[in-house]
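Naming: A, B, ... by sequence-line order, numbering from 1 per chain.
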Amino acid sequence: MTTQLPPGMHIETVDEKIMTLNVGPQHPGSGHMRLIIKVDGDYIVSCDPDPGYVHRGEEKMAEYRNYIQNIPHLERPVIHDSSNILYPYCLGVEELLGIEVPERAKYIRVIAAELNRCIYILYWLAIYGIFLGHSTMFMWPAGDRELFIDLLEAMSGARVTHAYLVPGGVRNDLPSNFEERCLRQVEYFEKRLREYEAIFYQNPILKARTEGSGILSRTDAIRLGTTGSVLRASGVDFDVRKKEPYDVYENLDFQTIVMKEGDSYARSRIPYLEMFESCRIIKDALKKMPKSGSVRTKLKPNPKGGNDEVYRRIESGRGAIGYYIVSNNRPEPYRVKISVGSFRNLICMPYLLKGEKLGNMPAVYWGLNYWPVEADR
Amino acid sequence: MSTIAPQFRLSRFIGSLFDLIFWVILIFSLVGLPIVFIVLFYIKLPVINGQLMTPYLAMTWMADPSRTLPIVKSFMHTTIFRVMAFPGFGFAALLAAATIFVERKFLAKMQLRVGPLYCGKIEGILQLMGDGFKLMSKEIIIPAKADKPIFWLGPLLFVGTAGAFVALIPVAPGWVVANPSVGLLAVFAVIGFFPIIAVLTAWAANSKWTFIGGLRALHQMVAFEIPLILSLLGVVILSGSLNLSQIVQSQEHFWWIAFLPIGAIVFFITILAELERIPFDLPEAESEIVAGWLTEFSGMMYGLIQLGTYKIICICRIIRGSIPWWLEWSNGLASVSAGYYHSRNYNWSCNCTLPWIATF
Amino acid sequence: MHRFLYSPTGLLATLVGEAASSFSPILLLFTFAIVATGPTLILSRMIAPRRTSNPVKFLPMESGQVPQGEGRTHFMMQYYSFVLMFVVFDVASIFLYAWGSSILDLPKSATLPIIGFLAIIFAAFAFALYQAGRKNIW
Amino acid sequence: MSNVIGIIRALNSGVKHLAVKRFTLRYPEQKLKFVGDGFQFNPETGVGIAGLRGRHILFHEHCTGCQLCSVACEGIAEAISMVKVHETWKHNKKAIMPQIDYGKCVFCGLCVDACPFYALYMTNDYELSSFTKSALIYTPAQLAIQPKISQDVEIKIDDRGASHG
Amino acid sequence: MSSGTDKDVEVKDTAEEHSTSSENTKPDSMSKDEAKKFYEEKGLDLSPDVPVKPKPIPAFEKSLADKVSSKFGDKITVDYVRADRIRVTAKRENIVDVAKFIRDELKYDHAESVSGVDYPDSSEIEVIYHLGSYTDEKLGRQIFALATRVPREDVPNPGSDSTRTPSLRDVFYSVEFHERECFEMFGVYFEGHPDMRRLLLPEDWADIPPFRKDFKIKGR
Amino acid sequence: MLKELVNQETAPHATNVLVGKLGDILVKAVGKPFDMAINWGRIYSLWPVHLETACCSVEFGAASSPRYDVERFGIIEAFGSLRQCDLIVVMGTITRKMAPRLRMVYDQMPDPKYVIAMGACAITGGLYFDSYNVLPGIDGVLPVDVYVPGCPPRPETLIQGCMLLQEKIKRTKAK
C-alpha cells in the first residue's frame with residue numbers, strides 16, 4: 001500500500017507522548033529559522049533545523065552580475081559583518097584578474113575587517129544576553145557597538161552595509177584625524193569590555209545555565225567540520241588568519257584564543273576574548289600603516305576573468321568564509337559558491353540538542369554563533 | 001415558534017443590557033445630577049447635628065474642609081473604605097502602577113538609556129496610563145478550542161486572588177482589612193491558589209506553549225512552597241503568634257533578622273521563585289516557551305494579569321516590611337537586582353527602595 | 001466564655017462567628033477586585049474592534065505555523081516528584097506552626113517528638129536535594 | 001561561596017552604572033553629525049571621498065544624460081530610471097535625467113562612482129519615510145533640492161562614559 | 001525592463017568600440033615595456049584580463065598530488081596543483097575510494113563545502129568537495145578540491161533520474177547539510193545519504209532545481 | 001417635527017427619529033474625546049512583534065539599543081507572544097517560504113494592528129528584484145501603513161517612520 005514518496009516529502013507520524021514544538025519563525029528564541037523540536041517532557045528527543053526562510057539565491061544572482069555589481073549583493077548575507085564577507089570575494093577576484101593591491105589599502109582593509117568583527121561579535125553577544133534573559137547584556141553591547149559603527153561610518157559612509165572593500169583596494173581613503181579618533185575609541189572600548197566580565201561571564205547564574213550544556217568534544221568538532229569559535233572552544237587551534245595569512249595579517253601581533261571545555265560557556269567566551277585581540281590588531285595596524293599612498297588599483301570598466309577557478313577563505317566572526325569562484329572569460333562569474341561558517345555549524349544543532357533539556361536550547365543554539373541569513377544566503 | 005428562538009442570542013442580549021447600563025450611567029451623570037442639585041434647592045431638608053441642613057449647607061460641606069473631615073473620617077473607618085481604597089484594592093493598584101513605572105525608569109538608567117520619555121510630557125510619567133488605554137482598546141482573542149469560561153475567568157481569578165492577598169497585609173498599626181488570628185497561615189493558603197489558576201488557564205487555552213508554561217509554573221511554585229513555609233517558622237517561634245499585626249508589634253525594639261539571617265535569605269530566594277521573577281523565570285522563559293502560560297492572553301486580559309502580578313510584588317515587599325527582617329537592606333538589594341536581571345516586558349525581580357512603605 | 005465552652009454548639013457558633021468576622025473581609029476584597037476589574041474586560045469588549053471573519057486568528061499560537069497536534073496531550077513532566085513531595089510535606093510543615101506559636105508555653109519534653117518530626121522532614125529534603133543534583137535522572 | 005561573591009560583584013557592576021552618563025541620543029531633538037558633506041567620488045583618481053550615504057543630490061547643470069548611473073544601477077537595484085525633463089540644459093542634449101526610486105535604492109553609492117561629470121552626489125539627508133510608495137520616487141526636480149540639515153551632536157567620551165552631550 | 005536591456009547593449013557596444021579602437025591604434029610589434037609605457041601615456045588601465053605569468057608548482061602540494069595519482073593511476077585526473085590548492089577529478093564510481101584514501105592517508109579530515117557547477121554544454125554537473133584539515137599542522141593552508149562529474153538530464157526529475165552519485169557522508173560526516181543543499185539546488189541525488197530532504201527552498205517548490213543554467217531568473 | 005410628535009399616527013415613527021438623532025448627537029459628543037483618549041494610548045504604546053524576517057533586524061536591534069532607545073516612544077520589543085503585540089515591523093526580505101508565515105502572524109495578532117515595511121526589500125524587493133525566491137514587496141501580503149526606505153534604514157529613519165505612524169493613528173477612528 002505504501003507508495004514511494006518523492007524525496008523531499010515525508011509524512012509526519014504523531015506520537016502521543018512526544019510533543020512537537022515549532023521554535024520559529026515567529027518565536028522570541030529563534031532567529032530567521034525554524035527548529036522542529038520534539039520534546040519528551042523537558043527533554044529534547046530530536047531537533048530538525050529548517051533553515052531557508054531567508055534564502056534569496058545570492059549565488060544564482062551573482063552569475064548575472066559583473067564583478068563590481070556583485071559587491072552590494074554579496075555583503076547582504078551578513079550586513080553587520082559586511083567587510084569580512086566581502087574580503088574573500090575581493091581576494092578571489094584579485095587572484096582571478098591578477099590585480100595587485102596597494103600596501104596602504106591592505107592595512108585599511110584589515111582595520112575595517114577587525115572593526116567589523118567587533119561589531120558582529122557585540123551584536124551576537126547582545127542577542128546571546130537577551131536570550132538568556134539578561135536584558136542589561138543586550139543593552140550594553142548594543143550601545144558599545146555604536147562606537148565602532150561610528151568609526152566605520154566615518155570610513156565608508158554607511159552604518160552597516162559599507163560596500164567598502166572592492167577588488168583592488170578600498171573605495172575611499174580614511175578621513176582626516178581618523179587614527180587619533182580610532183585609538184581613543186578603541187581604548188575606551190577596551191575599558192568597557194572589562195565591565196562585561198563581572199556582570200555576565202563571571203555571573204554564577206549564567207555559568208549555571210551554560211557550563212556543561214551542549215558539550216562538543218574535540219574529535220566531534222573536527223568530524224562535523226565546524227569552524228570558528230565552535231571549533232576553537234573544543235580545543236582545536238585553527239584560525240585562518242594564522243594558518244593561511246591573507247593581506248598583512250602575518251605582520252600583525254595577535255594570538256588565537258583556544259579553550260578546551262567545548263561547552264556553551266566556552267563557545268560564548270571565545271568571541272568575547274577575541275575582541276581584545278581585534279583591538280590589539282587595530283592598534284598595531286594603525287601604527288604600522290603607511291601614512292600616505294594609493295588605496296585603490298583602478299579596474300577596467302568590465303573586467304573579465306580567465307577560464308579559471310579560485311577558492312579563497314578568510315576568518316570571520318562566525319568562522320571561515322570561503323568563496324569558490326569559477327570564471328568563464330566573461331564579465332560575470334560562471335559560478336559563485338559561498339561556504340559560510342554558519343551553514344557549516346548548522347550540522348551541530350541536531351547533534352548537540354539531542355538529549356539536552358529544553359531550557360538549555362537558547363544557550364546551545366545561540367552559542368553556535370549562527371546567523372541564519374548568512375547560512376541561507 | 002422557531003422564528004424567535006434562533007435569532008435570540010444570550011450574549012447579544014447581555015451585551016445590549018450592558019450597553020444600556022453604560023448609557024444610563026452616562027446620561028444620568030451628565031443630565032440627572034444637575035437636575036438633582038437644582039431640585040435640592042427647593043426641597044426642605046431635615047435637621048442634622050442641631051443644624052438645619054439646607055441645600056446650601058449641603059453644598060458647602062463639599063467645599064468646607066472642617067465640615068468634610070468628620071464625614072470622611074467616619075467613612076474611612078468603614079470596612080468598605082478599607083476594602084476599596086487605603087489598605088485594600090486601590091492602594092495596591094496605585095502602588096503596582098508606581099512600581100512598574102519606577103522600575104522601568106530605573107532599569108533604563110542602569111542600561112544607560114532614558115526609558116519612557118514622551119508620553120505625558122514630563123519624563124513619560126503617563127506611560128502606564130497609555131499602556132492601559134491601549135490594552136483596554138485591544139481586541140480580546142479567545143482561541144477556537146479553548147475552554148471559554150475558564151479562559152475568561154483566569155485573569156479575573158488572578159486579580160481577585162491578588163486582592164485577597166492584599167486583605168491580609170497590615171500596612172500601618174490598625175490599618176488592615178482582615179485581621180484573623182492565623183494570618184500567616186491564611187497567607188500561605190492564598191499563595192496556594194496561584195499555581196492552580198496558572199494550570200487552569202494554561203489547560204484552558206489549548207496551546208502547547210501555555211501548557212508547558214503552566215506545568216512549569218505549577219511545579220516551581222509548589223516546589224518552593226515548603227522552604228517558604230519553613231523559613232518563616234523561626235519568626236513565629238520568636239514572636240509567639242500567627243497574627244501578622246502581632247508579629248510586627250513584637251519587633252518594636254529589634255528585628256528578628258538579627259537572629260534569623262539564614263531564614264531571611266531562604267525567604268528572599270523562595271519569594272523570588274514564587275513570583276516567577278528572574279532568575280526563577282522558567283514558567284515565562286520567553287526564549288524557550290514563548291510567554292509561558294500567558295501566551296494566549298491578549299488585550300485587557302493580559303493587562304489584568306500584569307496588574308495582578310505587580311500587586312503581588314508590592315504585597316510581598318510589604319510582607320518583607322511587616323516582618324521587618326531586613327528593611328532598607330533588603331530593598332536596596334532588590335533594587336539592584338532589578339537592573340541586574342530582567343525578563344519579559346518589565347518583569348524585574350523586585351524593585352527600588354520606597355522607604356515609606358517600610359517605615360512604621 | 002465558660003458558658004460557651006460547656007455547650008458544643010455555642011463553641012461552634014463562636015468559632016464560626018469569629019472566623020466569619022475575621023475572614024469575611026478577605027472574601028469581600030476578593031469579590032471587590034473582581035467587580036472592580038471585571039468591567040474593564042466588558043468595556044474592552046465593547047470599545048475594541050472585533051473581527052471574527054478570519055478563522056486563522058483563532059488558531060492556537062504556534063510560531064506562525066499551522067499547529068500540529070493538540071495542545072492538551074498526555075505530557076511527561078519530569079518534575080512530578082516535586083508535586084508528590086509537596087502533597088506529603090506541605091501539610092506536615094503547616095502543623096509545625098501550631099507547635100511553633102506555642103513553644104514557650106509547652107513543657108520541654110514536648111520538643112523531642114517535634115525534633116524527630118523535623119529530622120524526618122529534613123532527611124527527606126536532603127535526599128530530594130541530592131537527587132536534584134543528579135541532573136541525569138530528571 | 002564563590003557564587004555569592006559572583007552575584008555581589010555582578011550587582012556592584014550594575015550599581016556602578018547608575019553613575020555612568022546616559023548614552024541616548026534624543027533623536028528628534030538631536031541629530032548626529034557626520035564626517036564630510038556626503039559621499040562624493042573623484043573619477044580621476046578612482047577614489048571616493050568619505051561621507052554619509054544619504055539621499056542623492058543632482059546638479060542639473062552638470063548632468064549630460066549619459067545614463068551611466070542608470071547602467072551602474074542596472075544589476076544592483078534598478079532604482080534609477082531616466083526620465084524626460086522639460087528643461088533643455090546646455091550639456092544635456094538628450095534632455096533626460098535620473099529619477100531615483102528610494103523604495104528600491106540600497107544606498108551603495110556605485111552610481112556616484114559611475115558619474116564622470118560630478119553631477120550626482122550623496123547628501124546627509126536620511127529622513128525619507130513616507131506613507132505611500134509613490135512618494136518615495138524622487139523626480140529630477142526633487143533631487144536637485146539641497147536638503148536642510150541641522151546635524152550638530154557628536155559623541156563625547158570622558159571619564160563618566162560616552163554620551164551625546 | 002526592455003529599455004534597460006537596450007541601454008545595456010548600448011553601453012556594451014560602446015565599451016567594445018573603445019577597446020577595439022585602442023587595440024587598433026596599438027602597433028603590432030611592441031615589447032612589453034613599450035606597451036606599458038604606451039598604456040601609461042594613454043592613462044589606460046594596466047591590469048590584464050587574464051593573469052599571464054606562469055607560477056612555479058610548489059613541491060609539497062606536488063607530493064600530495066603524486067600520492068593520489070600513484071595510487072589511483074588513470075582513474076583520476078589531477079587538474080591543477082597550485083600554491084595551497086590541489087584539484088583532482090575522480091570518476092563517480094571510485095569517488096568513495098578516493099575520498100577514503102584522502103582521509104586516511106593524506107589526513108584531510110573535513111569538508112569545507114560541497115559545490116555544484118552546471119555545465120550544460122557537456123551535459124554534465126560537476127560536484128566539488130573542498131576538503132581541509134584541522135589535525136595536521138602542515139595541511140593548515142591546504143584546500144583539496146575533489147571533483148566528480150555526473151550526467152545531466154535536460155528534463156530533470158530530482159531523485160529518480162540518472163543524476164546521482166554516491167554520498168560521501170560516511171567518509172566525511174560534515175558534508176551532510178552541504179549535500180542536501182546540492183541536491184535541491186542541482187538535483188544531484190546522493191546515494192547512501194540518510195536524510196536526502198529539501199533544505200532551503202520552500203516546501204511547495206515545483207520548478208526545476210534553481211542553480212541549473214537553464215533556470216532563468218526574471219528578466220534575464 | 002413637533003407636529004409630527006403630537007400627531008397620534010406619526011408619533012411612534014417620529015419618536016424613533018428623535019431618539020435616533022439624540023443618540024447620534026450623544027455618540028458624536030462622547031465619541032470624539034473618547035477616540036482621542038484611546039488613540040493617545042495607542043500612540044505611546046506600540047509593541048512590535050518579534051518576527052525577524054531578514055537582515056534589517058540588525059538595525060531594529062540598534063534602534064532599541066541605548067543610543068536610539070525607542071522605549072522613549074513607548075515602543076518596547078514585547079519579547080513574547082504575538083497576541084500582545086500591535087505593530088509588525090517587516091524587517092527586510094520576504095521569501096516565498098516566509099510569506100505564508102508572515103501572513104499567519106499578521107492574522108493572529110489582535111486588532112488594531114499596524115504594519116511598517118522596513119527596508120528596500122520589504123517595499124519593492126530591492127536588491128532581489130530578480131531573485132526566484134523573493135517577493136517583490138509585501139504589499140500583496142499585508143496592508144502597509146508606513147514605508148521606511150533604506151538598505152537597511154538607519155535607526156533614525158525607522159524612528160521617523162514610527163513618528164509618521166503615530167500621526168496616522170492620531171487621525172484614525174478608534175473602532
Next on the checklist: Less than 4.0 angstrom from a charged side-chain N to a carboxylate O is my criterion; do A/R377 and A/E59 meet it?
Outcome noted: yes
Checklist entry - Where does D/L110 contact chain A at under 4.5 Å (heavy atoms): side chain, backbone, both or neither? => result both
Checklist entry - Do you know which of D/I49, D/V106, D/L52 has the most heavy-atom pairs under 4.5 Å to chain A? => result D/L52
Checklist entry - Which bit of D/A72 is near chain A, if near means a heavy-atom gap under 4.5 Å: side chain, backbone, both or neither? => result backbone
Checklist outcome for this item: Given A/H73, A/Q69, A/R171, A/M155, the one with more heavy-atom pairs under 4.5 angstrom with chain D than any other is A/R171
Item to check | side chain to side chain contact (heavy atoms under 4.5 Å, CB included), paired with A/P141, selected from A/Y196, A/Y123, A/Y128 | outcome: A/Y196
Checklist entry - Can you say whether D/D113 sits under 4.5 Å from chain A via the side chain, the backbone, both, or neither, judging by heavy atoms? => result side chain
Next on the checklist: Under a 3.5 Å cutoff, is there a donor and acceptor pairing between the side chains of A/E197 and A/Y272?
Outcome noted: yes
Next on the checklist: Taking the ring of D/F107 and the ring of D/F39, is the distance between their centroids below 6.0 Å?
Outcome noted: no
Next on the checklist: Is A/E146 in contact with chain D via its backbone, its side chain, both, or neither, using a 4.5 Å heavy-atom distance?
Outcome noted: side chain
Next on the checklist: Does any backbone or side-chain atom of A/R159 lie under 4.5 Å from a heavy atom of chain D? Answer side chain, backbone, both or neither.
Outcome noted: neither
Checklist entry - Of the backbone (N, CA, C, O) and the side chain (C-beta and beyond), which part of D/F41 lies under 4.5 Å from a heavy atom of chain A, both, or neither? => result side chain
Next on the checklist: Under a plain distance cut-off of 3.5 Å, with no hydrogens placed, do A/Y107 and A/D247 share a side-chain donor-acceptor pair?
Outcome noted: no
Item to check | Residue A/R181 versus chain D: region with a heavy atom under 4.5 Å | outcome: side chain
Checklist entry - A/M61, A/R192, A/K207, A/Q202: which one forms the most heavy-atom pairs within less than 4.5 Å of chain D? => result A/R192
Checklist entry - Does the gap between the ring centers of D/H164 and D/F23 come in under 6.0 Å? => result yes
Item to check | Proximity of D/Y102 and D/Y138 rings by center, below 6.0 Å | outcome: yes
